[in-house]
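One structure is given below, encoded as structure tokens.
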Amino acid sequence: MLWDRTRRAPLIGLLAVLLLAATASAQPAGAKPTGTTRAQVVAQARLADSLRRTEEAFRLRNRLQNGDFEVGDRVLATYEGIGLTRGDTLVVQTGKIVRLGEPMGDLNVGGLLVFELADSVRARIAKYFKDEVVHVMPLLRLQMSGAVRAPGFYYARSDVRLSDALMRSGGQDQGTDLENITIKRGDQTLWSPGDVSAALRDGLTLEHLGLEPGDEIVVGAKRSSAWGTAMQIGGTVLTALLVNLLYRRR
């Protein structure tokens, strides 16, 4: 019995680590951690360390220390109650503060994770107003590039479908290839064209895809078919011959 007990505990621990490792490896490399508490993010950082995924571990530790918010980020906040009823678009200012207005003052969001912001805003509002219902929704600053009508940076709610975010950039045109869309974070590819196509078909949101501010959605252009290219070349050559023939007759 003693042998069985002493052997069983390490075996169970090993199985647990293997299960966590399998789960982590199944998650796309660029996907944002799915933890909804700081403790879960800490656990994910430790797991990344144990698996020697140094880049992911560094990013998670940096996230825990500095938080999710950068200067220029925007947050939608609405207040419903007798004392305060309005909606605001909060902008993260220099020093990582957001101005909640009087009498609430400024709130420092440095070091806060995205899912901690709502509680921080609610706590500040509760100091001055009772029974307020507070809704907080951080916006994602995404870059749209490639075969879109209006490339550039756009702010979108995290619960917006990817297809709706694409429409914000002017939508598709005749040259847009919806089967050739890549989502990138810097030089890293988060989602390949096949994954993005599946996400569009399934109606996934930006949150489901784990997108973060600054991520880039690159929309590919349709390739011209060989027959179409040949027709264009042939038309150009034929036009040149006709012009040359008319010129000689003169």
Open item on the list: I need the Y154 OH to Q143 CD distance, nearest 0.5 Å.
Closed with: 11.0 Å
Task: Backbone of L139 reached by a side-chain donor or acceptor of R74 within 3.5 Å - done: no
Task: Gap separating the CZ atom of R161 from the OG1 atom of T205, nearest 0.5 angstrom - done: 9.0 Å
Task: Over 12 foreign heavy atoms within 6.0 Å of CG, D131 - done: no
Open item on the list: Any carboxylate oxygen within less than 4.0 angstrom of a Lys/Arg side-chain nitrogen, looking at R59 and E212?
Closed with: yes
TODO: May I ask you to decide if L84's main-chain N or O and E132's side chain share a donor-acceptor pair within less than 3.5 Å?
DONE: yes
Open item on the list: Test of understanding: clusters of I, L, V, M, F, W, Y form through side-chain heavy atoms closer than 4.5 Å, transitively. Do I97 and F69 belong to the same one?
Closed with: no
TODO: Indicate yes or no for a side-chain donor-acceptor contact from T37 to the backbone of Q40 under 3.5 Å, with no hydrogens or angles considered.
DONE: yes
Open item on the list: Are M104 and V133 linked, directly or through intermediate hydrophobic residues, by side-chain heavy-atom contacts shorter than 4.5 Å (ILVMFWY only)?
Closed with: no
Task: Sub-4.5 Å side-chain heavy-atom contact between D106 and R99 - done: yes
Task: Separation of L107 CG from S120 OG (nearest 0.5 Å) - done: 6.0 Å
Task: Atom OH of Y128: over 12 foreign heavy atoms under 6.0 Å - done: yes
Open item on the list: Please say yes or no: joined through hydrophobic side-chain contacts below 4.5 Å, possibly via intermediate residues, are L162 and V160 part of one cluster?
Closed with: no
Open item on the list: Around atom CZ of R46, are there more than 12 heavy atoms from other residues, nucleotides or ligands closer than 6.0 Å?
Closed with: no
TODO: Pick out which of T78, V121, L76 makes a side chain to side chain contact (heavy atoms under 4.5 Å, CB included) with H135.
DONE: T78
Open item on the list: Using only atom types and a distance under 3.5 Å, with no angle test, would you say the side chain of D202 pairs donor to acceptor with the backbone of L204?
Closed with: no
Task: Donor-acceptor pair, side chain of E116 and main chain of L113, under 3.5 angstrom - done: yes
Task: From CA spacing to verdict: side-chain contact (heavy atoms from CB on, under 4.5 Å), L64, R38 - done: CA-CA 8 Å; L64 288 165; R38 182 171 288 269; 3.7 Å; yes
- [ ] Determine, using the 4.5 Å side-chain heavy-atom cutoff (strictly less than), whether L140 and V196 are members of one ILVMFWY cluster.
- [x] yes
Open item on the list: Let me confirm one number: the NZ-CG distance from K96 to N66, rounded to the nearest 0.5 Å.
Closed with: 5.0 Å
Task: R86 atom CZ: more than 12 heavy-atom contacts under 6.0 Å - done: yes
Task: Transitive ILVMFWY side-chain link L209 to V218, under 4.5 Å - done: no
Open item on the list: I want to check something: taking the side chain as every heavy atom from C-beta on, are L200 and E179 in contact at a cut-off of under 4.5 Å?
Closed with: no
- [ ] Any chance you could measure D159, atom CG, to H208, atom NE2, to the nearest 0.5 Å?
- [x] 9.5 Å
- [ ] Hey, could you give me the CG/CG distance between L60 and L47, rounded to the nearest 0.5 Å?
- [x] 9.5 Å
TODO: Taking all heavy atoms of G220 and all of A147, pick out the closest pair and write down the distance.
DONE: O-CB, 3.5 Å
Task: Salt-bridge contact D49-R61 (side-chain N to carboxylate O under 4.0 Å) - done: yes
Open item on the list: Just checking R124: does its CZ atom have more than 12 heavy atoms from other residues, nucleotides or ligands closer to it than 6.0 angstrom?
Closed with: yes
Open item on the list: Less than 4.5 Å apart, side chain to side chain, heavy atoms only: is that true for W191 and L211?
Closed with: yes
TODO: May I ask you to test the L166-I181 pair for a side-chain heavy-atom distance under 4.5 Å?
DONE: yes
